[in-house]
Each structure stands twice: as C-alpha cells, then as structure tokens.
Amino acid sequence: MKKKSNLRCILLSALFCAGGLVAAHPVVAQTVPDEPETYCDIDYNIVDDWGFGATVNVTVYNDNYIDVIDGWTVSWEFEGDQSISNMWSATFSQEGSVVEATNGDWNGLLQPNGGAATFGFNMSYSGDNAAPENFMVNGIPCFGYTPLVPNTPVVQSPQTGSFGAYFNFDWTDAQGAVAYRFQLSSSSSFSTLVIDETLTESNYALKSTVAGVYYWRVFAIGQSGDSGYSDIQVLMLTDYFADADGDSLLNGWELHGYDADDDGEIDIDLPALGASYVHKDLFVEMDYMVRTSAANGLGPNQNVLDGIVDVFANAPVSNPDGIDGITIHLELDEQVPHDADLNPVGSEFGALMNTHFDPVRTGIYFYMIWADAYDGGSSSGNAFNIPNSYFVVTLGKWNNNNGGTDAEKTGLFIHEFGHDLGLGHGGGDHENDKPNYLSVMNYMYTTEGVFRDGTSGHFDYQRFDIPSLDERNLDEGFGLGGGAELAGYRTYFNCPNGSRVFTPVDGAIDWNCDGDTFDAYVSSNIGGNGGLSVLNSYNDWANLVYGGGLVRGGTNTSKSLSIETAQEVDTLQIIEMEEMTYEEHLARQR
C-alpha cells in the first residue's frame, strides 16, 4: 500500500474523532505467501443445453487485493469434443480442445477485490459436455483466492518516550491490508479512546489538543479478518494550540516550528532559533538606516544588543521551566534606505515595513527600524499604538546630529518596545515623571536608567507594586511605602520651590523640602506635571502584553496573517502621547 501524507488536526477534546468502536479483533496473524501475478476465479455457467449443443456464460473475477488486471486472456481445455461456433464480449481461438478468450476494448480492466467481466459462447458437442476445470488467466493457473488475514503492522514512529504537540504517526504497510485502524487512548487498557479512526494509508498526522500521557496502537483490516494489534507506544503529549509559557507563541510553534499558511511546510523554525514552549520568548526584527555623518550611528552596536538581551533575561518573570526571565531574540536584519525625516511617519514607516518585512514573520516577530528622525522634530521614537507589534527609534538629531549614545539607544529601544508590550509612560496610564514609578517608561529614567543598588544605568521596567500617592495628602514618614523591595533605589521629585530632589526611597521622604521627614498631610506637586492628583504606580513586568498588534497566538490566533499596506498603516489610530524630544532629554539630565 503506497504511503501518502495524511494531514489531520483532529484530536478534539472530550470527543471521539470517528464513529463507534469496532468489535474485538483476532490476535493471530496468518503469514501471507509470495503473491503470484494474478489471483482469479472463474464461474463457468451452462445456461442452456439441448443434447448436441449448448450456450455458456463465463465470468472472470480479479481476486487480487491490490493490483488491477489490465487486459485478460482466459484459457482452458475441453475434456470432450466441444467446438465453439461463436463468442460475444470476447474474441476467441480454438485449436483442438484448447480455447483462448480475450477481452474486448471495453471490458479488459478488472479492479482488485472482485472486479469481474462476463463473456459467452455457443458450441456444439457429442457425448459428454462436462465443464472444464483447468482455467488459466494470462497464462497463470486460476485456482481462486481467498484473501488472507493481513500481517500485524510494525510501529515506526513515534515510539515510546516521544514528546511533542505534533506527530506524524507511521507504521509499516501490512500485506493483505485494505485499511488500518488507528487508536489513541489516555488509558493503557484502551478502555477510553480519544481517537479511533479507520485510515486507508499507513500514517496519521496529529496536532494535539490534549496534554498528558497517552497510548497508541494500530491494526490492519483485511478482507477476511483483521491483524493483531501493534505494540503499544507511550507518548507524552502537550496541547499544540495552548500557550504554556504565556508569550503568545503556541506550544506547537515553539516545539515544531511555525507554518504561517498551514501548507505543511515550516516557515520559521522556532526550535532552531532557540524558542522554548516553557520559557517566554520575544522575537524582534530590527532594520536600520545609515547616515555617515552620524558619529554614533543610527543603529545599535553589540554593546547595545547585549544590554537589551540582559535586561529581559533578568526580568522578574516566572516560567513553567522554573527559570525567571524572558529570552528576547534580536535579529539585526538589513539596511533600509536612509530618510532624514519620515514625514508623515505613519505612511513612510509603513512603506518601509511592507517592503522589508516578510509577511510570513507577521505572526511571530515584532518589527522596528533604527531611523534618523520623523515629522520634522527630534522625537526619540514612536510605537504608533499600545499595545502593538512595530515601532521606530529615531535618535538621529540627538547629540549635535551624531545619533544616540549606547545608553540612549538601549533605553529608547526598551522604552518604545514597552509600548508595544502594553506599557504607557506611567505604566498603566500616560502620566510622566511620577516619583513612585521606577521604570524606563518614565522619562526620568529612559536615557540614564533606573537608580538601583547604588548605581544608575538599569534600563528596567518596574519590578514590583508600589502604593499610589495622593499629592493632596502626602505622609513623609510613609515615603513611597514600598518597604524592603525599595532598598537601594532612588527617585526624583519636585519641591514646592520648583527644585528637583534625587533621594533614596526605602524610608521617609521630605516631600515639602523643609529639612525634616515628620510632616503629614503634605500637599505638593511632587510629580511636576501641574495640579494635584493621585499618582498611580504600576508593576510593569507583571502586566506585559505579549500578543499585541499583529503578533498572533494565544487569544490572538484569529488575527490576519497579512501585514497592513502603507495606506492602512497611515490610517492607524496613533495614541495622542508625546514622545521625548532631545530638548526634553536635556532638561531631565541629572
């Protein structure tokens, strides 16, 4: 039986994939001898006999269980003096008692497993008119054939101990098989069948929707009985369509690769790229512009790339593998044409994206460009939406048009990427410069990093919860109220006279800047954004959105595979939020 790919995605939770169960099957297989070229049977029927002549119909059957008979000649030898006078549905020749009858143009094809053709003739005779018994078809004796019980299939793969979410079950062809029965069960006794399906091929492709220990076996179905069961194999399955680590990349993709258009071909080999279904992964394609007059370059060097990777690797984010952190896969891909001013940024960025970003990657990769500038200003970047799956970093006009420093590039990448991951300038909102928000999303820390463990330069998102602060009712003894987690941190706040203070935050804080920390009910605009309000903090790492924009997976599997055209990118709603300009950066420097 020729093997053929038989792709299915059928393991339906709590449902059988086929009809009811079949009866018990024989467990003793019969050995099949070498098969002759032709198995046949002959029905020789004398339909009329008048003593010196007769009319006869002959039916030839193809009892081969696999092969077609394409053209037949039936031969036999009369035992008396019979002589054929004419024949229909075949042509004949007779020499003495030996006769050959050959098919016509219309009836020479006999299908396997009982395909038949009938021809007839008139004859004369004297004496006895016994029916002949020594028939041959195409020169081979025709004894008839009773199909035998097929051999038991031998499992090829997957064998006991295999683990995964996608398997191509495969077993040997069994001689004499007309079909196979594939069974998968959560019980070693097969008392409960999750799959019980009849197949015409000796393979079965499965994308699992269940997880745990499962057992599989197969037997062959023959014309006169079934084979015994194959050896039982024990597998550990995981749900292909689930997302065990919560990174919006399906288990099946991270274990077996991403097939963007479900054509059976892997488009992105995620396992080869280091993805893990039990540890969060983020994939970012980075394209870049080049301007030779920018001494610092517009794109990143290895120091910048390593710094970004380290920040995510050290994130306080748990994973099923028991190891904290996020693996960010940064791919510095290709140089794109230089444009000193992406203006308007939506359509011009969109045009570059549609030209240089392979749509196959849309479901997996975030996309960004290290560019020069946009919309006529010195803004540091734009994420276009929150959350999203693409962004731009533009530091070309910084530092006398020499581009960003390594620290600035690191901070701005993580800042803009934070918008893609669902973060605002105030974490869960867009209020900037909050003393109780210790994150690179806060402009206070975007380019120089959070001050922690006695040093600045930690380009980190906020790692824990901090209480809200009501600027109309501040308690100096309470400080930020974060306890031991804040040890080693410092923050900025504004004094009533407009000066800025940089202070430790693991104890009392002199909110009104009068030289002591004993005052309660202090009213002061410590955030410096005008007016008095409640300043909410945010645990960034605990609230990241991994499947924003066009990255699909988890709850986003219904998203379109194709990316927007330049016109569609241009019409995307851009959140009204100001991104830090070079002038704002200078004003916030320590």
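Since we're looking at a predicted model, the values are computed, not measured.
- Using modelled atom types, no side-chain atom of S524 and backbone atom of N512 make a donor-acceptor pair closer than 3.5 Å.
- Under the 3.5 Å distance criterion, the side-chain polar atoms of D341 are matched with a main-chain donor or acceptor of D375.
- Ring geometry, F493 versus W511: the interplanar angle exceeds 60°, so the pair is classed perpendicular (tilted spans 30 to 60°).
- Side-chain contact between M444 and T491: absent, with no pair of heavy atoms (C-beta onward) separated by less than 4.5 Å.
- Centroid-to-centroid, the aromatic rings of Y437 and Y538 stay 6.0 Å apart or farther.
- Checking each of E583, E584, K397 against S378 for a side-chain hydrogen bond (donor to acceptor under 3.5 Å, both in side chains) leaves exactly one that passes, namely E583.
- At least one side-chain heavy atom of D259 sits under 4.5 Å from a side-chain heavy atom of D267.
- Checked by atom type and distance alone, the side chain of D470 never pairs as donor or acceptor with a backbone atom of V534 at under 3.5 Å.
- Relative ring orientation between F451 and F502 is described as perpendicular, the plane-to-plane angle rising above 60° on a 0-90° scale split at 30° and 60°.
- Atoms CD and CG, on Q302 and D406 in that order, are 11.0 Å from each other to the nearest 0.5 Å.
- Proximity of a side-chain donor or acceptor of K409 to a complementary backbone N or O of N296 within less than 3.5 Å is detected.
- Between L237 and F167, some side-chain heavy-atom pair lies under the 4.5 Å cut-off.
- Within the 4.5 Å cutoff, the side chain of V234 has heavy atoms near those of the Y215 side chain.
- The shortest distance between side-chain heavy atoms of D339 and D372 does not fall below 4.5 Å.
- In this structure, L330 CG and D333 CG are separated by 12.5 Å, a value rounded to the nearest 0.5 Å.
- If you look at F384 and F349, their ring centroids are closer than 6.0 Å.
- For the pair Y390 and D420, the tightest heavy-atom approach, listed with the atom from each and the gap, is N-OD2, 3.0 Å.
- Across all non-hydrogen atoms, the minimal contact from P496 to C513 is CD-SG, 4.1 Å.
- Between H425 and H430, the two ring planes are perpendicular [angle over 60°; tilted spans 30° to 60°].
- Side-chain contact between S380 and H585 is absent, with no heavy atoms from C-beta onward closer than 4.5 Å.
- A donor-acceptor distance shorter than 3.5 angstrom exists from the side chain of T394 to the backbone of S379, with no hydrogens or angles considered.
- Relative orientation of the F163 and Y277 rings is tilted, given thresholds of 30° and 60° on the angle between their planes.
- The aromatic rings of H419 and H415 lie perpendicular to each other, with more than 60° between the two planes, well past the 30° mark.
- Counting heavy atoms from C-beta on, the side chains of E579 and Y443 come closer than 4.5 Å.
- Between W541 and F312, the distance separating the two ring centers is shorter than 6.0 angstrom.
- Shortest non-hydrogen contact noted between T327 and H279 is OG1-CD2, 3.5 Å.
- If you take CZ on F241 and CG on N251, they are separated by 10.5 Å, rounding to the nearest 0.5 Å.
- One distance of note links CG of L249 with CD of E254; it measures 4.5 Å at 0.5 Å rounding.
- To the nearest 0.5 Å, atom CG of residue N494 and atom OG of residue S499 are 7.5 Å apart.
- Under the 3.5 Å distance criterion, the side-chain polar atoms of D243 are matched with a main-chain donor or acceptor of S248.
- Looking only at atom types and distance, the side chain of E285 has no donor-acceptor partner in the side chain of H356 under 3.5 Å away.
- Checking side-chain atoms of N442 against main-chain N and O of K434 turns up a donor-acceptor pair under 3.5 Å.
- A distance-only check finds a donor-acceptor pair linking the side chain of N319 to the backbone of G325 [under 3.5 Å].
- Rounding to the nearest 0.5 angstrom, the gap separating the CD1 atom in I509 from the CG atom in L469 is 8.0 Å.
- With a 4.5 Å cut-off on side-chain heavy atoms, M289 and L342 count as touching.
- Looking at S389, its side chain does come within 3.5 Å of a backbone N or O of L550 through a donor-acceptor pair.
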After noting the C-alpha distance and the side-chain angles of L255 and Y166, does the key distance pass the side chain to side chain contact (heavy atoms under 4.5 Å, CB included) rule?
CA-CA 8 Å; L255 282 167; Y166 172 84; over 6 Å; no
Start with the C-alpha gap between I414 and V311, add the side-chain angles, then the distance that decides, and say whether side chain to side chain contact (heavy atoms under 4.5 Å, CB included) holds.
CA-CA 9 Å; I414 296 172; V311 168; 3.8 Å; yes
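- Ring-plane geometry between W398 and Y582 is classed as tilted, the angle between the planes lying from 30 to 60 degrees on a 0 to 90 degree scale.
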Could you walk me through whether L486 and L438 pass the side chain to side chain contact (heavy atoms under 4.5 Å, CB included) test, one step at a time?
CA-CA 10 Å; L486 290 172; L438 308 174; 3.8 Å; yes
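- The two residues S537 and S468 have their closest heavy-atom pair at N-OG, 4.4 Å.
- Using a 3.5 Å distance cut-off with no hydrogens or angles, the side chains of D510 and T517 do not pair a donor with an acceptor.
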Should I308 and F417 be marked as a side chain to side chain contact (heavy atoms under 4.5 Å, CB included) after you check the CA-CA gap, both sets of side-chain angles, and the distance that decides it?
CA-CA 11 Å; I308 296 168; F417 192 37; over 6 Å; no
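- Taking the ring centroids of F464 and Y489, they lie under the 6.0 Å cut-off.
- Although no hydrogens or angles enter the test, the distance criterion places no donor-acceptor pair under 3.5 Å between the side chain of N400 and the main chain of N402.
- The two atoms that bring A340 and A373 nearest to each other are O-CB, 3.5 Å, heavy atoms only.
- Using cut-offs of 30° and 60° on the angle between ring planes, the pair F413 and W370 is parallel.
- Listed here is the closest heavy atom pair of Y240 and L250: O-CB, 3.6 Å.
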